[in-house]
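Residue numbering restarts at 1 for every chain, and letters A, B, ... go by the order of the sequence lines.
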Amino acid sequence: MKELSYWNAISEAIAEEMKRDETVFVIGENVQESPFLVTKGLVQQFGPDRVMDAPLSELAIAGATVGAAMAGYRPICDLTFADFIYCAADEVLMKAAQQYFSHNAKVNVPCVFLGVAGAGFGNGPEHSRIPAAMVMNNPGLKLVMPSTPYDAKGLMKAAIRDNNPVCFFFHKKCMPMKQEIPDEEYIIPLGVADVKRVGSDVTVVATSYMVHLALEAAKNLEDIISVEVIDLRSLVPLDIDAIITSVKKTGRVVVVDEDTECCGVAAEIGQQIMERAFDYLDAPVARVCAANMPIAGAAMEKYVIPQLAQVQNAIEAAAGSGFSA
Amino acid sequence: MKELSYWNAISEAIAEEMKRDETVFVIGENVQESPFLVTKGLVQQFGPDRVMDAPLSELAIAGATVGAAMAGYRPICDLTFADFIYCAADEVLMKAAQQYFSHNAKVNVPCVFLGVAGAGFGNGPEHSRIPAAMVMNNPGLKLVMPSTPYDAKGLMKAAIRDNNPVCFFFHKKCMPMKQEIPDEEYIIPLGVADVKRVGSDVTVVATSYMVHLALEAAKNLEDIISVEVIDLRSLVPLDIDAIITSVKKTGRVVVVDEDTECCGVAAEIGQQIMERAFDYLDAPVARVCAANMPIAGAAMEKYVIPQLAQVQNAIEAAAGSGFSA
Amino acid sequence: MKKLGKQDLLLMYRNLVRTRKFDELNIRMATEGKLLTFYHSCQGHEAIGVGACTGLRKDDYLYPHHRGHGLSYAIAKGVNPRECIAEHLGRATGWGGGITGFHTCVPEFGILGVGATIGSGFVLSVGFALAAKKRGEGQITIMFTGDGGIQRGQFHEAANMASVWKLPVVWVVENNQMAWFTPYRDTSAVEDIATLAASYNMPGEIVDGMDVLAVHTAVQKAVERARSGEGPSLIECKTYRYRSHSEGRPDVSHYLPRSKEEIAKWKERDPVKLFEEKLLKEKVLTKALIQKISQECDAEAEEAETFGFESPFPDPSNLSKMVYAP
Amino acid sequence: MKKLGKQDLLLMYRNLVRTRKFDELNIRMATEGKLLTFYHSCQGHEAIGVGACTGLRKDDYLYPHHRGHGLSYAIAKGVNPRECIAEHLGRATGWGGGITGFHTCVPEFGILGVGATIGSGFVLSVGFALAAKKRGEGQITIMFTGDGGIQRGQFHEAANMASVWKLPVVWVVENNQMAWFTPYRDTSAVEDIATLAASYNMPGEIVDGMDVLAVHTAVQKAVERARSGEGPSLIECKTYRYRSHSEGRPDVSHYLPRSKEEIAKWKERDPVKLFEEKLLKEKVLTKALIQKISQECDAEAEEAETFGFESPFPDPSNLSKMVYAP
Ligand SMILES: Cc1ncc(C[n+]2csc(CCOP(=O)(O)OP(=O)(O)O)c2C)c(N)n1
Ligand SMILES: Cc1ncc(C[n+]2csc(CCOP(=O)(O)OP(=O)(O)O)c2C)c(N)n1
Ligand SMILES: [Mg+2]
Ligand SMILES: [Mg+2]
């Protein structure tokens with residue numbers, strides 16, 4: 001066992017997979033130095049042909065990723081900020097997602113689109129999104145959003161080995177988090193949620209950094225409400241069974257997701273819960289998401305992004321009056 | 001009164017607004033001849049400086065639209081296929097949506113993004129989407145999806161006069177539909193749903209061409225189930241009050257939308273209904289949407305896109321066993 | 001460059017005729033309402049695909065232009081064009097399995113798939129070429145697009161990246177001087193697309209797109225350059241679109257009918273006729289052989305039509321299994 | 001071209017100094033942890049914004065580069081730079097109202113707003129220029145970007161469109177030879193960005209970006225061309241980034257430290273010093289005046305800092321009202 005930070009867990013996963021499989025390579029802007037650290041150190045180990053500093057050309061970077069994947073490689077494309085998926089939407093949301101299906105499953109597209117995501121540093125509307133719903137609304141793409149170093153490493157290895165394009169959005173606010181990581185290899189399959197806290201009164205379904213907010217809220221409320229926190233880890237595939245199992249136990253759900261509320265992740269999960277467990281619901285599924293506006297920066301960011309108090313309030317409201325202190 | 005087709009109603013609205021307001025102009029690929037007819041005939045009336053055939057450059061077309069809008073004009077940008085929003089996502093989903101907010105409401109972006117949308121002609125995955133949820137997931141954009149010639153004309157006039165960027169997606173399958181159009185000017189404000197059929201057992205919330213499917217299903221079922229059909233007309237703003245009023249009456253809802261199901265329009269509406277009218281719901285909100293896959297073309301399209309039978313089945317299921325014939 | 005022998009020339013001629021006949025079949029099926037989606041005729045363009053793809057290695061990557069939905073390119077590479085007909089009829093035997101009705105994908109012949117947004121082949125082909133370079137087995141990538149496609153930003157980014165990384169890719173632009181209803185001259189700042197090559201420090205050549213041998217020669221030069229690790233090339237083939245953008249659409253320039261004289265003038269230099277006359281003069285072809293080839297191609301097209309109509313539709317229950325690879 | 005008088009030269013000098021002082025203030029605030037988001041120093045780049053924006057009409061549209069988050073451009077156009085400081089402190093008095101912490105928007109001075117994706121100014125500026133051309137009042141648009149920005153597809157599409165429509169726009173590329181950690185020479189197929197202009201049939205000029213007058217002269221020529229309806233121009237200013245990409249980031253090329261010698265060499269031709277020496281020699285400046293200006297600018301920066309810290313934060317209850325215009 002060794003202690004690794006979130007970013008280091010990701011870079012270790014990439015390094016291990018690059019060692020194991022010569023077809024894995026990294027392409028993107030500034031990936032050799034890696035401003036968000038997840039590919040830092042790789043160039044020294046694997047050389048510039050496998051850790052490729054590209055021009056400032058998102059269309060070409062993402063397009064080359066899709067093309068190289070179709071031609072038998074397993075590129076890891078660093079989009080830098082996840083928001084830059086907008087700058088290559090044709091390539092990522094359309095081409096990567098659809099090439100396999102459109103061509104009768106003859107040619108698959110095994111690649112990873114890395115993006116640092118989320119708010120927390122006041123970087124403003126074009127550098128703070130988690131464009132999760134946009135990815136989910138385009139079938140053919142998988143989507144991973146790890147909340148811990150342990151999960152990040154195991155999920156990254158699964159993402160690289162997956163035979164499909166996988167968006168891997170890691171959260172800015174998780175970067176410094178540390179955790180014990182086993183020395184032996186492990187892989188966390190995509191599509192398996194993790195119950196990060198067991199509880200019986202209210203289910204909180206959370207993604208990415210919001211898992212930590214949910215855990216904090218659960219802890220703050222533990223004397224009055226028993227909160228179960230489910231970390232989805234991957235959104236596509238979605239472990240709806242894990243959610244439904246919990247909902248059947250608690251009958252009360254709050255979905256906490258940092259993506260924009262409207263047509264976001266939480267709406268999909270809420271709707272699916274309603275479809276599958278309507279009779280178990282004691283209260284409507286509540287959602288705590290980014291407000292329906294661009295992600296303001298600087299001092300205004302916190303008025304757009306879910307805050308602890310909101311999560312707590314939503315849990316209390318879901319629990320109903322019987323639980324208030 | 002005169003009878004106009006859907007496309008002609010749209011082009012008449014554009015012509016009237018171009019006459020009324022010199023700052024309105026059309027920009028896009030092939031807008032002078034207009035493959036989907038909605039800007040056909042305008043160049044003869046207003047000249048090539050106001051009906052601008054652009055290079056095959058979606059980034060520049062959409063970007064120039066946003067820029068000209070910021071600088072005091074009211075461009076109508078024809079994306080041709082609504083799917084091509086992927087080819088200018090940075091410009092439409094990010095810049096158009098956010099410029100006003102990011103700059104403290106100092107400069108607004110009054111423009112219209114036109115796109116012919118939806119399936120029906122087997123055109124395959126890159127020419128058949130209605131990227132409605134992607135628009136809704138990016139606050140700052142408005143979204144209009146008319147189902148009839150009358151609505152199309154009145155909504156187009158409102159869209160052009162709106163001080164915000166408005167995506168106006170008109171449906172391929174509505175193109176030949178005809179309707180009596182008043183000679184006098186009229187405007188249909190954005191954000192006002194239209195009850196296209198009054199009923200008391202089940203509420204069907206529908207968008208765009210799906211309204212016609214819903215009406216047909218309602219008619220087929222009229223002897224056993226009284227179906228209310230709400231045509232949303234605009235999705236942003238969303239007339240949630242109209243939906244809730246109906247839901248309180250029926251307690252049973254089916255949302256029929258042609259966008260991809262996952263994180264789509266129907267999930268958002270379902271979730272909002274749950275949040276606001278949970279105690280009125282006798283059954284979970286059901287959704288009938290495009291299946292979670294790319295929109296197959298040719299003969300396979302119909303297996304992806306909602307069909308009449310599915311809508312009917314969903315209504316019957318929502319109505320519950322008491323209603324079956 | 002490998003010198004073309006008599007058999008090569010005859011094969012090229014036959015492939016021109018096959019392309020034309022299959023295009024005519026597609027047009028007829030479209031006119032009869034039998035195609036399940038749109039059709040973009042390649043008449044006038046045949047020499048480009050045939051000239052460029054003759055002599056490629058089977059494992060070279062090919063990204064075809066949308067005209068003919070890939071006919072001339074695939075034919076010259078060796079693919080059986082009946083798969084094209086089946087695709088257009090939405091059949092499981094089509095070269096995209098009938099899933100989209102027009103996408104081409106024949107991995108055994110290096111055709112990995114296409115996109116339906118014009119110009120996006122630029123960036124995908126950079127990826128194919130990057131893979132080829134990494135693999136180091138001398139494969140090259142050839143990608144075709146139109147005078148419209150070159151106007152997308154994808155071109156700029158792809159050309160720069162491919163040049164910097166010296167990727168083995170050849171870009172062939174079929175400048176038919178129209179993009180849908182819009183004439184190139186009114187949407188482009190420069191007369192010749194080949195001019196753009198200078199911005200990326202790569203060769204840019206203008207070729208008579210009606211002359212199959214001229215195309216072949218220019219492309220082979222670029223292919224050799226690519227194979228030997230010297231990087232990308234841009235080749236502009238001047239050509240002309242005989243028919244409307246797609247079947248059933250008006251044939252206008254902006255909003256006025258295209259000049260009948262101009263079309264007629266270009267047809268005088270029809271690529272099939274031009275090559276036929278040359279081979280006749282050089283006695284590679286005879287009148288009798290021309291007729292024989294014509295009949296054989298007619299028969300092949302007829303067989304392809306039957307094949308298409310007799311082929312099954314895809315099994316819709318497979319669709320949901322094709323969203324994600326196992 | 002209007003000849004610059006002594007007062008103009010002095011103003012340009014003062015604006016160079018102001019830019020430098022305000023940049024230093026931003027750096028200090030960043031270092032002290034007072035800025036609410038990132039900061040990209042413009043040291044080394046000052047002559048470009050100041051030289052280019054001096055002499056513009058107030059109603060000309062300006063799209064600044066991100067360095068200094070718009071300082072040199074806005075200052076030369078007449079905007080009070082304390083709004084920049086307030087913005088970086090997230091205050092309502094900032095030039096973006098403190099909503100993002102770094103976006104610049106001063107419509108009264110033709111600055112309509114910026115985007116945060118590099119290079120997207122190309123297409124927005126086409127829109128500004130299109131509006132200006134339609135309005136017919138002789139406004140031009142000037143847009144600044146970096147050697148990275150030019151690599152985005154937006155450039156290609158914008159340049160072609162602007163040239164075809166003869167739009168009044170001037171594109172100034174600040175080639176500091178780095179984009180974040182990546183050196184230009186390793187990501188570009190051509191040595192000079194000005195080369196790219198030929199693809200769009202527009203003038204492309206290389207200018208010494210450390211020489212404020214050289215920049216001014218080249219830009220004025222392009223501005224006149226734009227104003228007289230002849231279309232766009234591309235101007236490449238060779239310059240250098242003194243500091244790391246943004247404050248607190250490592251200063252590397254790929255992953256190795258940038259050459260200290262190279263930085264020192266460029267600093268010998270520091271744009272502020274260079275102009276100062278020239279004006280001293282020409283007796284437009286005196287040592288005393290230099291000191292006076294320096295002190296005045298220090299005072300102005302100090303006042304701006306106070307102004308910033310004393311300004312209120314935006315009212316968060318307004319946010320939801322700002323998503324849609326009434
Ligand atoms: C990105 C994108 N924009 C627009 C279209 C619609 N479209 C299809 S073909 C075409 C014209 C293409 O012109 P060109 O590249 O010159 O090829 P040609 O059809 O003339 O052979 C257009 C505009 C598209 N499919 N993709
Ligand atoms: C589309 C896009 N890609 C990447 C980034 C991240 N980024 C911000 S500044 C920058 C470097 C820009 O380089 P250049 O244009 O040369 O300007 P410089 O910073 O050198 O002045 C990058 C890569 C971005 N903001 N937008
Ligand atoms: Mg063309
Ligand atoms: Mg730079």
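Heavy-atom pairs under 4.5 Å with chain B peak, among D:Gly97, D:Cys105, D:Ala132, at D:Cys105. Looking only at heavy-atom pairs under 4.5 Å with chain B, the residue among D:Ala158, D:Pro314, D:Pro326, D:Ser125 that has the most is D:Pro326. The greatest number of non-hydrogen atom pairs below 4.5 Å with chain D, out of B:Ala105, B:Ala69, B:Ser102, is found for B:Ser102. With respect to chain B, the highest number of heavy-atom pairs below 4.5 Å among D:Leu319, D:Leu112, D:Leu167, D:Val106 belongs to D:Leu112. When the candidates B:Thr23, B:Ile27, B:Val107, B:Ile61 are compared by the number of heavy-atom contacts under 4.5 Å with chain D, B:Val107 comes out ahead. The candidate from D:Val123, D:Thr117, D:Thr104 with the greatest count of non-hydrogen atom pairs under 4.5 Å with chain B is D:Val123. By number of non-hydrogen pairs under 4.5 angstrom with chain B, the leading residue of D:Phe128, D:Tyr61, D:Tyr324 is D:Tyr324. In terms of heavy-atom pairs under 4.5 angstrom with chain D, the leader among B:Met94, B:Arg50, B:Lys142 is B:Lys142. With chain D as the partner, the residue from B:Pro110, B:Ala54, B:Ala71 showing the most heavy-atom pairs under 4.5 Å is B:Ala71.
Checked for salt-bridge contact, B:Lys157 and B:Glu185 meet the test: a charged N lies under 4.0 Å from a carboxylate O. Note on D:Asp60 versus D:Arg227: salt bridge recorded, some NZ/NE/NH1/NH2 to OD/OE distance being below 4.0 Å. In this structure, B:Asp90 pairs ionically with D:Arg152, as a charged nitrogen and a carboxylate oxygen lie closer than 4.0 Å.
For D:Arg91 (side chain) and D:Leu89 (main-chain N/O), a donor-acceptor pair under 3.5 Å exists by modelled atom type.
Taking the side chain as every heavy atom from C-beta outward, B:Asp53 and B:Val43 never approach each other to under 4.5 Å.
When heavy atoms are compared at a cutoff of 4.5 Å, B:Val109 does not approach chain D at all. Residue contact with chain D, scored on non-hydrogen atoms closer than 4.5 Å, is absent for B:Gln98. The parts of D:Val114 that come within reach of chain B are both its backbone and its side chain, each placing non-hydrogen atoms under 4.5 angstrom from that chain.
The aromatic ring centres of D:His65 and D:Tyr73 sit 6.0 Å or more apart.
The aromatic rings of D:Phe38 and D:His69 sit parallel to each other, their planes meeting at less than 30°, with 60° as the upper class boundary.
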Could you list the donor-acceptor pairs under 3.5 angstrom formed between side-chain atoms of residues 81-88 of chain B and any protein atom two or more places apart in sequence or on another chain?
from, atom 1, to, atom 2, distance (Å)
B:Asp83, OD1, B:Ser128, N, 3.4
B:Asp83, OD2, B:His127, N, 3.4
B:Asp83, OD2, B:Ser128, N, 3.0
B:Asp83, OD2, B:Arg129, N, 2.8
B:Tyr86, OH, A:Asn138, OD1, 2.5
B:Tyr86, OH, B:Arg129, NH1, 3.1

